[in-house]
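Okay, structure first, notes after.
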Amino acid sequence: MQEHNSGAGFALTSAQTPGSTKPDPILIADNIVRQFGGLTAVNVNHLEIQRGSITALIGPNGAGKTTFFNLLTGYDSPNSGTWSFNGKALNGIPPHKVARLGMVRTFQLTKALYRLTVLENMLLGAKQQKGESVLLSVFPWIWRAQEEAIRVKAVSILKNFKLIDKQDDFAAALSGGQRKLLEMARALMVEPEMVMLDEPMAGVNPALKQSLLEHIKELRNEGKTVLFVEHDMDMVHEISDWVIVMAQGEIIAEGTPSTVMGNAQVIEAYLGAHHDADLSSEEA
Amino acid sequence: MDFLFVIQQTLSATLGVNAIIFALAAIGLNMHFGYTGLLNFGQAGFLAIGAYSVAVPVISFGLSLWVAFLIGIFNSIIFALLLGVPTLRLRADYLAIVTIAFAEIVRQVARSATFNDSLGGSDGITGKFGKEFFDLNPFKGGLAIPILRFNGNDLWVVITGWILVAIITFIMWIMVNSPWGRVMRAIREDEDAVRSLGKNVYLYKMQSLIIGGAIGSIAGFVYALSRQSVQPDNYGTALTFFAYTVLILGGAARVFAPIVGAMIFWFLIVFIEQILREGVSSNLIPDWLIGVNQVGQIRFMLMGLGLMLLMIFRPQGIFGDKKELALDARA
């Protein structure tokens, strides 16, 4: 357990079995099934996400991780199942309302808003803006003070994410890694309780990767919950308190990073059942 | 060759009624397409609704013209809702198809024999439904100076029309530079990202459709009033595409683009026509090359050529930013 660097210390108290209960879950999902024609993409019996933790969702390609993300955040609807966030049922809740409730996501294919500047991308994230109402938009004196307050906040986050020099550039002018940073920074403008990151490290260079990791850890220090999908095992090892493994739509294991990485079922899911068997002996 | 006459005709068209109509239609499209990314190919439908809404209540029901204006705005909102509810959840290209159909349905219903009594069938409506408006005209004598010429009614439409364009453009300018406008531009870039930040994208797209449609119906008011008649076949798809030409000529997502685009559009059409006409009638252009009767067609050919050159050498339009346009390719 030494390599496990949980700051919260709760992880060790939960049973390391699929669908185990947690002391203070922020997200609870039950019997979530999503089928595409004959293919069952997601089939999750029970899942709880611990409040204030960094939880990694891993699994081989096609395991249903992103589909599961889409279901939880309202971008797709399951064939059956119930799930709740902070005790509020989310069935049939559209994505923008899920975000307003405090669960904000990013996307696997980064969705920076290209022809808006970096700063405009950030300003867009703030909630309950008076100037976003069609009727109030024509009276700038009503929303100008609020806009200024939002700008101050956006600038401070941009400084923290080292994007401040780019604030007046179009988002399209950023590199792939910087766009990932911007997307995460923009999500923070919504003041979420839980951040869902879909492959935050994909295509990010090693230097930027380290900075992204620090930002994710910072989220936990601020008391936010993080759930992220990732393929980069080093990253999973380094920052996650808890790891959930999906394969073929189901959750096959969960636990601390070190336990899960040693789990025979997990190795089998990733590498196949007979990965360590000699080819000739298999034929025999 | 009478150059003064060419200049007079050209300038009068550049500042004339048609330029106002196309400027207003394109302002509406700018809201839809330029700022929100809604590919509305049915703007002519909104103009038709506006035009019929000022003519029918006055002629058939004896209502005041001012009431008719309100009815026109109300109708455009209703039609925008009817159009938006089923289509705004669709992808952009589907919206384009549905809006073309919408405009054609409006036109075909208007010209159908079923509503001959109230809408006048394919002949449309002609009558003095604009009387209340023209009675207010302090410039009944019109304007006739060497470089500009309007009759009394046209002068009144032109003056009130450009004032209206200025007011609407000013309001648009405030709106698109507000946080509301920021949400609109963000929706144009990526709807799903905007949803993930807690914005109700559907509601915003509906607002865009209604505002742009209402401005389109105001263009219809001007169209109907200036001619004191409404002809259904004036509101075909060509009208929509000319309005798009005006918008792209000026540069999409720029507040002044529709105004300047409309002026350039009418400047070019009339200037080319007048030059050709003068040239033919004074035998500077030989008869075997262009006959008098071919001028009307050839001006559109030259206009088309000019637009092609514009798209090749200045695809961002007059006001656009080429760098910004290029970002799209990377997206």
Side-chain angles (χ1 to χ4, degrees), chain A residues 70 73-75 94-107 109-117 119-140 142-144 146-147 150 169-174 183 186-187 189-192 196 198, chain B residues 31 34-37 77 89 167-212 214 252-254 316 320-331:
Chain A
N70 287 342
T73 50
Y75 279 82
H96 69 273
K97 287 193 179 154
V98 173
R100 284 181 200 171
L101 286 170
M103 183 156 89
V104 176
R105 70 170 297 178
T106 67
F107 296 87
L109 298 168
T110 323
K111 290 186 185 296
L113 301 160
Y114 290 110
R115 283 179 293 174
L116 267 60
T117 65
L119 184 62
E120 282 178 319
N121 265 273
M122 295 294 289
L123 298 176
L124 185 74
K127 282 197 287 193
Q128 288 169 340
Q129 298 190 42
K130 291 180 207 148
E132 286 184 356
S133 141
V134 60
L135 295 175
L136 297 186
S137 69
V138 287
F139 306 114
I142 292 179
W143 45 261
R144 204 164 276 150
Q146 189 191 25
E147 176 86 351
I150 293 168
D169 293 358
F170 282 124
L174 299 180
E183 205 184 21
R186 189 177 64 195
M189 287 297 290
V190 192
E191 299 183 333
M196 317 265 287
D198 198 348
Chain B
M31 182 75 255
Y35 290 106
T36 325
I77 294 172
R89 294 181 200 277
I167 293 170
I168 291 175
T169 302
F170 179 66
I171 296 173
M172 273 281 280
W173 178 74
I174 293 179
M175 289 183 88
V176 298
N177 287 300
S178 73
W180 181 83
R182 185 166 62 217
V183 178
M184 289 299 179
R185 285 181 290 129
I187 290 171
R188 177 190 70 197
E189 299 300 307
D190 194 315
E191 284 181 28
D192 277 341
V194 180
R195 282 194 188 95
S196 79
L197 299 171
K199 319 291 177 196
N200 187 348
V201 169
Y202 182 66
L203 184 74
Y204 280 103
K205 284 162 81 173
M206 187 63 93
Q207 289 170 355
S208 169
L209 191 66
I210 289 173
I211 292 169
R254 292 287 182 278
Q316 72 273 35
D321 175 357
K322 195 165 192 174
K323 233 170 55 193
E324 188 179 333
L325 193 79
L327 297 178
D328 227 12
R330 293 175 62 178

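- The distance from atom CG of B/Asp192 to atom CG of A/Leu109, rounded to the nearest 0.5 Å, is 11.5 Å.
- Atom CG of B/Leu197 sits about 11.0 Å away from atom NZ of A/Lys127, to the nearest 0.5 Å.
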Item to complete: Could you give me the CA-CA distance, side-chain angles and deciding distance for B/Tyr204 and A/Glu132, then say whether side chain to side chain contact (heavy atoms under 4.5 Å, CB included) is met?
Response: CA-CA 9 Å; B/Tyr204 280 103; A/Glu132 286 184 356; 3.2 Å; yes

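- Taking CZ from B/Arg185 and OG1 from A/Thr117, the interatomic distance works out to 8.0 Å, rounded to the nearest 0.5 Å.
- Here the closest heavy-atom approach between residue A/Ser133 and residue B/Trp180 is recorded as C-CD1, 3.9 Å.
- Proximity to chain B is limited to the side chain of A/Gln129, based on heavy atoms less than 4.5 angstrom apart.
- Looking at A/Leu116 and B/Arg182, their side chains come closer than 4.5 Å, going by heavy atoms from C-beta outward.
- For chain B, no part of A/Arg144 is nearby; none of its heavy atoms comes within less than 4.5 Å.
- Neither the backbone nor the side chain of A/Thr106 comes within contact range of chain B; no heavy atoms are under 4.5 Å apart.
- Top candidate by heavy-atom pairs under 4.5 Å with chain B, chosen from A/Ala99, A/Pro140, A/Ser137, is A/Ser137.
- Note that the NZ atom of A/Lys111 and the CD atom of B/Glu191 stand 10.0 Å from one another [nearest 0.5 Å].
- Your options are B/Val194, B/Asp321, B/Ile174, B/Leu203, and the one with the most heavy-atom pairs under 4.5 Å with chain A is B/Ile174.
- Contact detail for B/Ala193 and A/Leu113: the closest heavy-atom pair is CB-CD2, 4.0 Å.
- In terms of heavy-atom pairs under 4.5 angstrom with chain B, the leader among A/Val190, A/Leu123, A/Val138 is A/Leu123.
- Contacts between A/Ala171 and chain B at a heavy-atom distance below 4.5 Å are absent for every atom of the residue.
- For the atom pair A/Leu124 CG and B/Glu189 CD, the distance stands at 11.0 Å (nearest 0.5 Å).
- Of the inter-residue distances, the one linking B/Ser196 atom OG with A/Phe107 atom CZ reads 4.5 Å to the nearest 0.5 angstrom.
- The salt bridge (Lys or Arg N to Asp or Glu O under 4.0 Å) test applied to A/Arg100 returns no partner, not counting sequence neighbours.
- Considering only residues two or more places apart in sequence or on other chains, A/Lys130 meets the salt bridge (Lys or Arg N to Asp or Glu O under 4.0 Å) condition with none of them.
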